[in-house]
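Only this structure's heavy atoms are used, side chains among them; waters, hydrogens and symmetry mates stay out. Naming: A, B, ... by sequence-line order, numbering from 1 per chain. Keep in mind that this is a model prediction, so the values were computed, not measured.
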2 protein chains.
Amino acid sequence: MQDAEVEPGRHDALGVLDGLVGYHLRRASSVFASDFGRAVGGDGLRQVPFAILSVIAASPGIRQGAAGEALGIKRANMVVLINELVEAGHVDRRAAEDDRRAIALVLTPKGRTTLENATARLTEHEDELLADFTAGERDMLIGLIRRIEAREQPPAD
Amino acid sequence: MQDAEVEPGRHDALGVLDGLVGYHLRRASSVFASDFGRAVGGDGLRQVPFAILSVIAASPGIRQGAAGEALGIKRANMVVLINELVEAGHVDRRAAEDDRRAIALVLTPKGRTTLENATARLTEHEDELLADFTAGERDMLIGLIRRIEAREQPPAD
DNA sequence: TATTGTTATACTCTATAACTATA
DNA sequence: TATAGTTATAGAGTATAACAATA
């Protein structure tokens with residue numbers, strides 16, 4: 001069994017990288033990120049601001065810090081992102097009732113429609129991207145990914 | 001069946017986001033990225049340079065452009081990354097034999113040991129991160145992710 | 001003292017356009 | 001003309017440290 005020369009086409013071109021789950025997750029994530037841009041990027045909506053809109057819609061009046069925590073976004077970075085969403089007319093800041101340091105976030109009507117339209121288009125795009133997945137495979141995929149997410153280590157902060 | 005009030009703990013805190021595969025891939029990818037830092041970040045090695053080392057090791061003498069293409073890295077960005085790896089003593093540039101415009105990349109002995117050590121530690125870390133996955137589940141995961149990677153759209157460039 | 005939000009700043013990755021030298 | 005590499009630059013996400021206001 002000699003001359004096992006492998007043509008460096010497709011797989012083995014990556015070397016040890018091909019055996020690492022982290023690398024494949026990174027590339028797959030990038031595929032969805034590009035698709036996100038094709039789906040709603042024309043409206044200037046990006047992944048992170050969209051995620052923030054979704055979290056606020058799910059918990060109206062949520063505090064800025066809690067919203068960031070749900071998404072793994074640091075407080076310092078939330079400030080700029082919320083500023084952007086407020087200036088775009090998607091989010092309103094309100095004073096938190098019980099804590100005068102805190103800020104409660106709510107969606108504006110514009111923010112709600114932006115979220116709804118983007119969600120519809122994103123769902124279409126994801127369905128297309130996963131067109132050759134059976135429902136079972138798709139559930140399996142999400143289930144496996146969720147178990148990885150659960151392994152997240154809390155940041156030192 | 002009333003009073004189906006859902007406590008906003010864990011899942012529903014994300015809203016529509018929770019139903020999008022792209023979001024979960026992004027977070028899972030981030031979990032592995034953080035773990036990469038814990039595994040080999042102390043040595044100053046990052047995900048992208050590590051990936052480049054792996055590709056060069058798999059195809060010694062590969063051209064700079066081909067290495068970037070295998071990893072989805074644009075030519076302009078490869079320049080800086082290769083500069084960094086050369087200055088770190090991990091990579092040597094050689095003239096391509098048949099094309100005087102091109103550059104052939106090879107690993108130095110130091111680059112090889114860096115790659116080997118990092119790979120060993122990364123494999124350990126991935127095994128730990130995926131400790132509660134059966135071998136079948138792990139194969140299933142990689143298989144599903146690869147099918148997503150295959151959906152990548154070529155950049156306009 | 002601890003927490004919420006803020007400012008300033010730096011690093012990494014990615015993207016585009018214009019340039020050179022070779023082909 | 002087209003391609004391989006380069007330079008310059010900008011955008012986006014993330015990270016840390018220091019600060020003010022409030023708890």
Any side-chain N or O of A/R75 less than 4.0 Å from the OP1 or OP2 oxygen of D/dA18?
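Answer is no, no contact under 4.0 Å.
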Any side-chain N or O of A/Q47 less than 4.0 Å from the OP1 or OP2 oxygen of D/dA12?
-> no
**Prompt:** Which is true for A/V79 with a 4.0 Å heavy-atom rule: it touches a base, it touches only sugar-phosphate, or it touches nothing?
**Reply:** base
Q.
So A/A76, base contact, sugar-phosphate only, or nothing? Heavy-atom distance under 4.0 Å.
A. base
What is the distance, rounded to the nearest whole Å, between atom [atom1] of [X] and atom [atom2] of [N]?
{"X": "B/R38", "N": "D/dA15", "atom1": "CZ", "atom2": "C1'", "value": "15 Å"}
{"X": "A/I73", "N": "D/dG13", "atom1": "CD1", "atom2": "P", "value": "9 Å"}
{"X": "B/L81", "N": "D/dG5", "atom1": "CG", "atom2": "C1'", "value": "14 Å"}
{"X": "A/L71", "N": "D/dA15", "atom1": "CG", "atom2": "P", "value": "13 Å"}
{"X": "B/R63", "N": "C/dA23", "atom1": "CZ", "atom2": "P", "value": "10 Å"}
{"X": "A/F32", "N": "D/dG13", "atom1": "CZ", "atom2": "C1'", "value": "20 Å"}
{"X": "B/R26", "N": "D/dG13", "atom1": "CZ", "atom2": "P", "value": "7 Å"}
{"X": "B/F50", "N": "C/dC13", "atom1": "CZ", "atom2": "P", "value": "14 Å"}

- prompt: Are A/D92 and A/K110 within salt-bridge range, i.e. N to O under 4.0 Å?
  reply: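 No, this pair does not count.
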Checking only heavy atoms, does the side chain of [X] share a donor-acceptor pair with the base of [N] at less than 3.5 Å?
{"X": "B/D99", "N": "D/dA4", "answer": "no"}
{"X": "B/R46", "N": "C/dT12", "answer": "no"}
{"X": "B/R101", "N": "D/dT3", "answer": "yes"}

Has the side chain of A/E126 got a donor or acceptor atom that lies under 3.5 Å from a matching backbone atom of B/L20?
->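 No, A/E126 side chain to B/L20 backbone: no donor-acceptor pair under 3.5 Å.
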Practice problem: Please answer whether the main-chain N or O of B/L107 pairs with a side-chain N or O of B/H90 as donor and acceptor at a distance below 3.5 Å. | Solution: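 A pair under 3.5 Å: no.
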Nearest heavy-atom approach of B/A96 to B/R63 is CB-NE, 4.2 Å
Please report the shortest heavy-atom distance between B/L122 and B/A39, naming the atom on each side.
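That would be CD2-CB, 3.9 Å.
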Take B/G72 and A/N77, find for each the nucleotide of DNA chain C with the closest heavy atom, and name the residue whose nucleotide sits nearer the 5' end.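 Closer to the 5' end of DNA chain C: A/N77.
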Nearest-neighbour nucleotide for the [X] side chain, [options] considered:
{"X": "A/K74", "options": "D/dG13, D/dT6, D/dT16", "result": "D/dT16"}
{"X": "A/R100", "options": "D/dA23, C/dT14, D/dT6", "result": "D/dA23"}
{"X": "A/V48", "options": "D/dT14, D/dT6, C/dC13", "result": "D/dT14"}

